[in-house]
2 protein chains.
Amino acid sequence: MARILDVARAAGVSVASVSRVLQGQAGVSEETRKRVQDAIEALDYRPDLAARRLRARRADTLGLIVSDIRNPFFTEISRAVEDVAYRNGLRVMLCNADEDPEKEAFYLEMMRDEKVSGVILSPTLPLLGHFKPADYSFPIVLVDRCERDTEADAVVLDNADAALRLSEHLIAQGCRRIAFLYGASSATGRQRHDGYLAAMRAAGLMPEVEPLQPNVERARVVTSTLLARGELPDAIVARSGLILLGLLESVRAAGLAVPGQIRIAGFDDMPWTRLVTPAITVLAQPTYEIGRSAIELLLQRIANPDQAQRRVVLRGELIARGSTVAGEQA
Amino acid sequence: MARILDVARAAGVSVASVSRVLQGQAGVSEETRKRVQDAIEALDYRPDLAARRLRARRADTLGLIVSDIRNPFFTEISRAVEDVAYRNGLRVMLCNADEDPEKEAFYLEMMRDEKVSGVILSPTLPLLGHFKPADYSFPIVLVDRCERDTEADAVVLDNADAALRLSEHLIAQGCRRIAFLYGASSATGRQRHDGYLAAMRAAGLMPEVEPLQPNVERARVVTSTLLARGELPDAIVARSGLILLGLLESVRAAGLAVPGQIRIAGFDDMPWTRLVTPAITVLAQPTYEIGRSAIELLLQRIANPDQAQRRVVLRGELIARGSTVAGEQA
DNA sequence: GTGAAAGCGCTAACAT
DNA sequence: ATGTTAGCGCTTTCAC
C-alpha cells in the first residue's frame with residue numbers, strides 16, 4: 001500500500017503538502033494541489049485510518065448498540081441512524097447486545113477502545129439503573145429506554161401515555177378484564193405497565209399483569225399458560241411487537257375467536273398486523289424518526305459537549321383495528 | 001487515558017515487558033506478570049486499538065455488508081455472524097448497502113481503509129457481474145448472491161432447485177397460469193426465475209414473469225397492476241419475503257379470496273406467514289445457518305489464504321400451507 | 001528474563 | 001507556499 005511519503009515523492013513535494021491537500025486546507029498552490037492529486041490517483045493512495053486516528057486521537061466513528069437486532073423496531077432505527085451517518089461521512093459500528101448485560105458491557109468497552117465520537121444505546125435495565133454519562137469517555141444518547149430521572153440525552157416514546165391510551169381504548173370497547181404482557185427487564189416495559197395501571201385504576205378495574213422476557217418464545221409460553229388458567233380475560237395487550245407476535249400465535253393455537261372470545265392489541269405497527277384476520281389494533285411508534293432524532297442529538301452533543309441535557313419524547317399513534325372492535329371486520 | 005508507558009512505570013518494568021504480558025507471551029517471570037497485571041488494574045489501562053493496528057497492520061475486525069437491513073433474512077444472518085464473531089473475540093462492522101451500488105462501493109472502500117481481516121458481502125448485481133476476490137486486499141465470502149461461475153467463496157441457497165420445487169408444488173395443485181414476481185436486480189432473483197422457468201417448461205406451461213425492485217412498495221404496485229390486467233392467473237409466487245408481503249397486501253386490497261380465486265406462495269418463512277388466513281406456503285431458507293457458514297468459511301479463509309475456493313449450497317424447505325392447497329384451512 | 005530503541009503512517013507546529 | 005521533524009501508543013527486534 002502506498003504511503004503518504006510515496007505520494008509526496010511522486011509529486012515532488014513534501015508530506016506536509018500532501019497532508020494539506022488531503023485535509024482540503026488552504027495555503028497550497030493550485031499547481032501543487034494538482035500534482036498531489038494526480039499522484040494520489042496514480043498510486044491509488046488511501047490514507048491509513050489507524051495512523052490518522054492515532055494522531056488525531058479520535059475515530060470519526062459512531063457506535064450503535066441495540067438490544068435486539070431481530071426486532072424490526074431496532075432495525076428501522078438502525079437504518080435511520082445509518083442514513084444520516086452516511087450522509088455525514090461518518091462510519092457507524094452496529095452492535096447487537098441481545099438483551100444481555102454482559103455483551104452490552106463488552107460492546108461499551110469496545111466503543112471506548114475504538115475511541116468512537118459517540119454512541120447511541122438502548123440500555124438493558126441493570127445498566128440503566130445506575131447509568132451516568134460521566135462514566136463514559138464519549139457522549140451517549142439513549143434510545144427507547146430511559147427513566148424519568150436518568151441524566152442523559154435520550155429519545156423515547158411517551159410510553160406511559162401510549163399504554164394509557166391503548167388501555168383506555170380497550171376499556172371504551174367494553175373490556176373489563178384486561179391482561180398486560182410486559183417485559184419487566186426493560187424500563188420501557190415498566191413505563192408502559194404504569195400507563196396500563198393508571199388506565200385500569202381510573203376505570204376502577206383490577207389489573208392483571210404477566211411479566212416476561214421480551215421475546216417471541218416466552219410470549220408464546222406465558223400466553224398459553226394464561227389461556228389455560230381458567231376464565232379468559234376480555235383482552236390481552238402486548239407491550240411490544242415481538243411479544244404481540246407470540247401472543248397471537250398462542251391465541252391461534254388455542255383456537256380462540258378474535259375479537260369474539262378475546263381481544264388483542266399491542267405495540268409497533270408491523271406490516272403483518274394489517275394482514276392477519278382480524279387486523280390487530282396497535283400503538284404505532286415513529287421508529288425512523290426515533291433513530292433520526294437520536295443521531296441528530298448525538299451530533300449536536302459531539303459538536304457542543306457542554307450543552308444542556310436534552311430529551312426528545314415522541315408521541316405514539318393509536319391505530320384501532322378489528323382485533324379490538326366488535327362490529328368491525330379487518 | 002493511561003498509556004503503556006504509565007503501566008510500565010507503575011510496575012517498575014519496561015514497556016516491552018508490559019507488551020509481553022498483554023500478548024500473553026512466554027518469557028516473563030511470574031513475579032513481573034503479577035506486577036504488570038496489578039498496574040493495569042490500578043490504572044484501568046486499555047490498549048489503544050489505533051496504535052496497535054498501526055503497528056500490527058491489521059484490525060482484527062470483520063466487515064458485514066448486507067443489501068437490506070430491514071429484510072429479516074439479513075438480520076438473521078447478521079445475528080449469526082455476530083454470535084460467532086463475539087465468541088471469537090472479533091469485532092464486526094455491520095453496514096447496510098440498501099441495494100445501492102454506490103453505497104456498496106463506499107463501504108467496500110471503507111473496509112479496505114479499516115484494514116479489516118475479511119468481509120462477508122451480499123453483492124448487488126452490477127458488482128457481482130465482474131466480481132473478483134483478487135480485486136480486494138482482504139478475503140471476501142459472498143452470501144445469498146452468487147453466479148455459478150463466480151470465483152469466490154460463497155454460501156447460498158440452491159435457488160433454482162428451491163424455485164423449481166415451489167413451482168412444481170403449485171403445478172401439482174392444478175395451477176396452470178402461474179405468475180412469478182422476482183427482483184431482476186439480483187442474481188438470486190434470476191436463479192429463482194430460472195428454476196421457475198424450468199418447472200413451467202417441464203409442465204408445458206406458459207411462464208408469466210414480473211421483474212421488479214425487491215422491496216415491499218414495488219411489489220405492491222406491480223401486483224396491483226397485474227391483478228387489474230384482465231384475467232387472473234391461478235397463482236402468484238414471490239421470490240422473497242419482502243415481495244411476498246407486498247403481494248399479499250395487494251391481493252387483500254383487491255378483495256380476492258385465497259386460495260379460492262388465487263393462490264399465493266413465496267420465499268422465506270417469516271413468522272407472519274403462519275398467522276394470516278390462510279397461512280402462506282413458503283420455501284424456507286436456513287437463515288441462521290447461512291450466516292454461521294459464511295463466517296466459518298471466512299475464518300478458515302483468513303487462517304489459510306491459499307485454500308481452494310469453497311461454496312456451500314444449502315437446501316431450502318418447502319412448507320405447504322393453506323394458501324396453495326385447496327382443501328386445507330390454515 | 002528484561003530493556004532500549006526503531007518505526008508503523010500520519011498530522012501539525014515550527015521553520016524557511 | 002512549502003518543507004522538516006517530533007511524536008501519537010504500540011510491538012518487536014536486538015542486545016544484554
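Throughout, protein chains are lettered first and strands after them, A, B, ... in sequence-line order, and every chain is numbered starting at 1. This is a predicted model, so every value here is computed, not measured.
At least one cation-pi condition fails for A:K115 and A:F138: the charged atom is not both under 6.0 angstrom from the six-membered ring centre and inside a 45 degree cone around its axis.
Of the candidates D:dC10, D:dA1, C:dG9, D:dA1 carries the atom nearest the A:S29 side chain, counting heavy atoms from C-beta on. Among the nucleotides C:dA12, C:dA4, C:dC10, the one closest to any side-chain atom of B:S14 is C:dA4. Of all nucleotides listed (C:dT11, C:dT2, D:dC10), D:dC10 comes nearest to the side chain of B:P47.
A:V13 comes within contact range of the sugar-phosphate backbone alone, with a heavy-atom separation under 4.0 Å but no base atom that close. Across all strands, A:S17 comes closer than 4.0 Å only to sugar-phosphate atoms, never to a base (heavy-atom distances). Residue contacts shown for A:R55 include a base, since a base heavy atom lies under 4.0 Å away.
For B:R57 and C:dC8, the shortest distance from a side-chain N or O to OP1 or OP2 is not below 4.0 Å. Of the side-chain N and O atoms in A:R52, none sit less than 4.0 angstrom from OP1 or OP2 of C:dG9. Applying the 4.0 Å criterion to OP1 and OP2 of C:dG1, one finds that B:T32 has every side-chain N and O outside that range. Note on A:S19: every side-chain N or O is 4.0 Å or more away from OP1 and OP2 of C:dA12.
Checking side-chain atoms of A:T61 against main-chain N and O of A:A59 turns up a donor-acceptor pair under 3.5 Å.
Summarising the local packing, CD of A:Q23 is surrounded by more than 12 heavy atoms from other residues, nucleotides or ligands at distances under 6.0 Å.
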Next item on the list: Begin from the C-alpha positions of A:V156 and A:T188 and carry the test side-chain contact (heavy atoms from CB on, under 4.5 Å) through to its verdict.
Entry: CA-CA 9 Å; A:V156 291; A:T188 298; over 6 Å; no
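With hydrogens and angles left out, the side chain of A:R53 and the base of C:dG9 share no donor-acceptor pair within 3.5 Å. A donor-acceptor contact under 3.5 Å links the side chain of A:R20 to the base of D:dG3.
Nearest-nucleotide mapping onto DNA chain C: of B:R33 and A:L22, the residue sitting toward the 5' end is B:R33.
Atom-to-atom, CE of B:M1 to P of D:dG9 comes out at 9 Å; the value is rounded to the nearest Å.
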